[in-house]
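Notes to accompany the following structure.
Naming convention: chains lettered A, B, ... in sequence-line order (proteins, then strands); numbering from 1 in each chain.
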Amino acid sequence: MTEESKEVKSLNFLEEIIETDLREGKNGGRVLTRFPPEPNGYLHLGHAKSICLNFGLAKQYNGQTNLRFDDTNPVTEETEYVDSIKADINWLGFQWASERYASDYFPQLFQFAKKLIQAGLAYVDDSSAEEIAAQKGTPTEPGTESPYRNRSVEENLDLFERMKAGEFPDGSRVLRAKVDMASPNMHMRDPLLYRIKHAHHHRTGDEWCIYPMYDFAHGQSDSIEEITHSICTLEFIPHRPLYDWLIEKLEIFPSHQYEFARLNLTYTVMSKRKLLKLVNEGHVSGWDDPRMPTLSGVRRRGYTPEAIRDFCERIGVAKRDNLIDIGYLEFFVREHLNKIAARVMVVLDPDPIKVVITNYPEGQTESLSIENNPENPEDGSRLVPFSREILVERDDFMENPPKKFFRLAPGNLVRLKGAYIIRCDEVVKDADGKVTELRCSYVPESKSGEDTSGLKVQGTIHWVNAADAVPVEVRLYDRLFKVEDLSEAEGDFQDYLNPDSLSVVQAFAEPAVASIKGPYQFLRKGYFSLDTDSTDQKLVFNRTVGLKDSWAKDQKKK
RNA sequence: UGACCGAUGGUGUAAUGGUAACACAGGAGAUUUUGGUUCUCUUAUUCAGGGUUCGAAUCCUUGUCGGUCAACCA
């Protein structure tokens, strides 16, 4: 045994629970988790945490994970969502053992309900929604019993069958568990088990007009599938006594529920309800708008599954509320993209400055070989055209530069990335004093890779050959909201939307962009991805995340 | 004025009665044909009071603060 050579890795509380169960031989050493989305919206980064946990834990302990759609509310659920959810999970890199639907269990659930009725533990209640709400009492006051609470088993059975048969209109009756109206736990005050909804279900069609509530579907589905560890978020803690009560009374497989703190990120919202609202009110272009924290959104933006998985692993899991800096996620995105992104030069400026290299022969063009990724030489190199006239960003020139400005300025030497060292000799302006052209001279023996000039320059800038510059559209994204903590913000969350979360800029790219597939690093600018809006006529790029920019940070401080 | 859950650097997460650590962020420097990357160094932490103990972030107790729960949603 190499026990002592093993690194002591600390366990999170879920790993501890599982290891204890395994040690005690619970469930015969079997670990089966489930990921249980409701198909009423797109998956977001909060779900990513849950997916990584459920699938990750199972994998870690030689177990498996079921994908189960919690489709018990036909009015909000759609097949479109089912498809997107499956695509997102696969994209994240996980495979489920079995694809299940709570709706598959409707017949079984109906039998469970009858069993409860027969045991005198459930009853049909004719009270209205308002009356039931009033009966529930408040967190500080006990509830009162429904006048229908003590119907006979026979009457309950008859009524429940007739509910199923469609004899009653929506809202006229419900099936309730008979637990304890005085319980300090609101969820134990005779919770609703079934309600009448004459609605078309995305899978069962019009077969049913009564549908089980979450509390009578989720735990029972877990049990039917013999899920060993049912992992959910903190707000379900008060449901756990009911979860256990139903399993005990039904005498079915004892799945167990464990709760962790959901993911919250700065400058964004993470609830399907709010995200739906952003989509419906047109604040974003859709569920996959690159500013959205949905998986389809961040995918389109250029985040990688690897980065998201690393992030989820690194943030850990615990039971205390948290608000994680969105910058932490961005760190993992940069870390991964730095290793794989193809470097290209793009002048990110609709109004670039033309640089004329006065001592370079007119009409001559040469091809320079530039590495695609200095982090990974195996990625090879590409050819980049260079000639007498090139384009550079206006930000890379200053007529009266501050100390430590290493870019173009009158008399300054800079290296053109992958090309030559140039000196700015003359600034040409128009009648308004706007700089229209820089006249520079190049040092022929400073060619990249074969530099014999002996010159040392402090700055290197990117550029594109004027004659070959490809006009492209680049979409720059900023945080979706103006405030860090939306949970602290008063009023409507839409009031805090950042009006500058999207800016579109026309830019000029080196010709190679058209033939290289992303992800890209636009040199000195950031990581970018090709957007799905691209056409043969026009390439559209999304800024995934910017590069760290210590120069800009320093400037800001001043 | 109930029940339940929680409280460790700026943000997350460890330390499971025995030297409070790791990542990010912040700061300083080195390297660099990306003001990127990489490397080195560095600032900063146990909610409060009481108790148990040789020894407490950890156990007990009281309090404080934060969160959750009163959908025919999940």
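Using a 4.0 Å heavy-atom criterion, one finds that A:V457 contacts no nucleic acid atom at all. Among the protein residues, A:S448 comes within range of the nucleic acid bases, having at least one heavy atom under 4.0 Å from a base atom. Nucleic acid contact class of A:I421 (heavy atoms, under 4.0 Å, all strands): none. When heavy atoms are screened at a 4.0 angstrom cut-off, A:L523 is found touching base atoms of the nucleic acid. Across all strands, A:H218 comes closer than 4.0 Å to no nucleic acid atom at all (heavy-atom distances). No engagement by A:Y194 is indicated, since no non-hydrogen atom pair under 4.0 Å with the nucleic acid exists. As judged by a 4.0 angstrom heavy-atom cut-off over every strand, A:L337 is placed among residues making no nucleic acid contact. Within the 4.0 angstrom heavy-atom criterion, no nucleotide atom of any strand lies near A:G526. A:Q521 comes within 4.0 angstrom of a base, heavy atoms only. A:N185 comes within 4.0 angstrom of no nucleic acid atom, judged by non-hydrogen atoms across all strands. The residue A:L234 sits apart from the nucleic acid: no heavy atom pair falls under 4.0 Å. Residue contacts for A:R407: at a heavy-atom cut-off of 4.0 Å it reaches a base atom on one of the strands shown. Residue-level contact check: A:G418 touches the bases, meaning some heavy atom is under 4.0 Å from a base atom. Within the 4.0 angstrom heavy-atom criterion, base atoms lie near A:F405.
Evaluation of A:Y214 against the base of B:A74 yields no stacking contact (centre distance < 5.5 Å, interplanar angle < 30° required).
When the side-chain nitrogen and oxygen atoms of A:R524 are compared with OP1 and OP2 of B:U33, none of them lie within a distance under 4.0 Å. For B:A74, the OP1/OP2 oxygens have a side-chain nitrogen or oxygen of A:T72 closer than 4.0 Å. Side-chain nitrogen and oxygen atoms of A:R262 include none within less than 4.0 Å of the OP1 or OP2 phosphate oxygen of B:G6. In this model, the phosphate group of B:A3 is not approached by any side-chain N or O of A:S183 to a distance below 4.0 Å at OP1 or OP2. Considering only side-chain N and O atoms, A:K197 lies under 4.0 angstrom from the phosphate OP1 or OP2 of B:C73.
A:Y442 and A:Y420 have their aromatic ring centers within a separation under 6.0 angstrom. Aromatic ring centroids of A:Y243 and A:H239 lie 6.0 Å or more apart. Between A:F528 and A:Y520, the ring centre distance reaches or exceeds 6.0 Å. In this structure, A:F160 has its ring center under 6.0 Å from that of A:F110. Here A:F106 and A:H201 bring their ring centres to under 6.0 angstrom of each other.
The side chain of A:D321 has B:G67 as its nearest neighbour among B:U34, B:C72, B:G67. The listed nucleotides are B:A70, B:G12, B:G36; the one nearest the side chain of A:P139 is B:A70. Closest to the side chain of A:W551, from the set B:A74, B:U33, B:G35, is B:G35. For A:P238, the listed nucleotide lying nearest its side chain is B:U68; candidates were B:U34, B:U68, B:A74. When distances are taken from the side chain of A:K319 to each of B:G6, B:G35, B:A74, the shortest belongs to B:G6. Side-chain atoms of A:I237 lie closest to B:C5 of the nucleotides B:C5, B:C73, B:C72. The side chain of A:N338 has B:U37 as its nearest neighbour among B:C4, B:U34, B:U37. For A:A318, the listed nucleotide lying nearest its side chain is B:U13; candidates were B:G35, B:U13, B:A70. Closest to the A:R415 side chain, of the nucleotides B:U33, B:G12, B:A3, is B:U33. Of all nucleotides listed (B:C72, B:G35, B:U34), B:G35 comes nearest to the side chain of A:K404.
No N or O donor and acceptor, one from the side chain of A:T140 and one from the base of B:U1, sit under 3.5 Å apart. Contact of A:E375 with B:U38 (side chain to base): no donor-acceptor pair of N or O atoms is detected under 3.5 Å. No donor-acceptor contact under 3.5 Å links the side chain of A:H187 to the base of B:A3.
Using modelled atom types and a 3.5 Å distance limit, the side chains of A:R343 and A:H462 yield no donor-acceptor pair. Under 3.5 Å, the side chains of A:Y105 and A:R100 contain a donor-acceptor pair of N or O atoms. No donor-acceptor contact under 3.5 angstrom links the side chains of A:N376 and A:N373, judged on distance only. Side-chain atoms of A:S50 and A:N54 include a donor-acceptor pair closer than 3.5 Å.
B:G27 sits 35 Å from B:U64 when the C1' atoms are compared, rounded to a whole Å. For the C1' atom pair drawn from B:C54 and B:C4, the interatomic distance equals 38 Å after rounding to whole Å. Taking atom P on both nucleotides, B:A57 is separated from B:A15 by 15 Å, rounded to a whole Å. When the P atom is used for both B:U58 and B:G51, the distance is 14 Å, rounded to whole Å. B:G26 and B:A56 have their C1' atoms separated by 31 Å, given to the nearest Å. When the P atom is compared between B:G36 and B:U31, the two are found 14 Å apart, to the nearest whole Å. With both ends at atom C1', the span from B:U52 to B:U61 equals 11 Å, rounded to whole Å. A distance of about 15 Å separates the C1' atoms of B:U40 and B:U32, rounded to the whole Å.
The nearest whole Å value for the distance from the CG atom in A:N264 to the P atom in B:G67 is 12 Å. Taking atom CD1 on A:I461 and atom C1' on B:U34, their separation rounds to 12 Å, with Å as the unit. To the nearest angstrom, C1' of B:A74 lies 16 Å from OH of A:Y211.
Summary of the strand contacts: A:S127 and A:L323 both lie near RNA chain B, and taking for each the nucleotide with the nearest heavy atom, the more 5' one is attributed to A:L323. Along RNA chain B, the nucleotide closest to A:S550 and the one closest to A:G171 are compared, and the more 5′ of them pairs with A:S550.
With a 3.5 Å ceiling on both atom-pair distances, the Watson-Crick or G-U wobble partner of B:C69 is B:G2. Pair assignment for B:U53 gives none, since no Watson-Crick or G-U wobble pairing has each distance under 3.5 Å. The base-pairing partner of B:U58, taking Watson-Crick or G-U wobble contacts with both distances under 3.5 Å, does not exist among the strands shown. Shown here, B:U32 forms no base pair; nothing in the strands shown gives a Watson-Crick or G-U wobble contact with both key distances under 3.5 Å. Nucleotide B:A15: unpaired (no Watson-Crick or G-U wobble partner with both distances less than 3.5 Å). Nucleotide B:G26 forms a Watson-Crick or G-U wobble pair with B:U42, both donor-acceptor distances falling under 3.5 Å.
No cation-pi contact links A:K197 to A:Y211, judged by a cut-off of 6.0 Å to the six-membered ring centre and 45° from its axis.
Atom CD of A:E19 has more than 12 heavy atoms from other residues, nucleotides or ligands within 6.0 Å.
The aromatic rings of A:F112 and A:F216 sit perpendicular to each other, their planes meeting at more than 60°, with 30° as the lower class boundary.
Using modelled atom types, no side-chain atom of A:R162 and backbone atom of A:G166 make a donor-acceptor pair closer than 3.5 Å.
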*Nucleotide by nucleotide, 5' to 3', does protein get under 4.0 Å of the base (B), only the sugar-phosphate (S), or neither (-) in nucleotides 18-26 of chain B, counting heavy atoms?*
----BBSSS
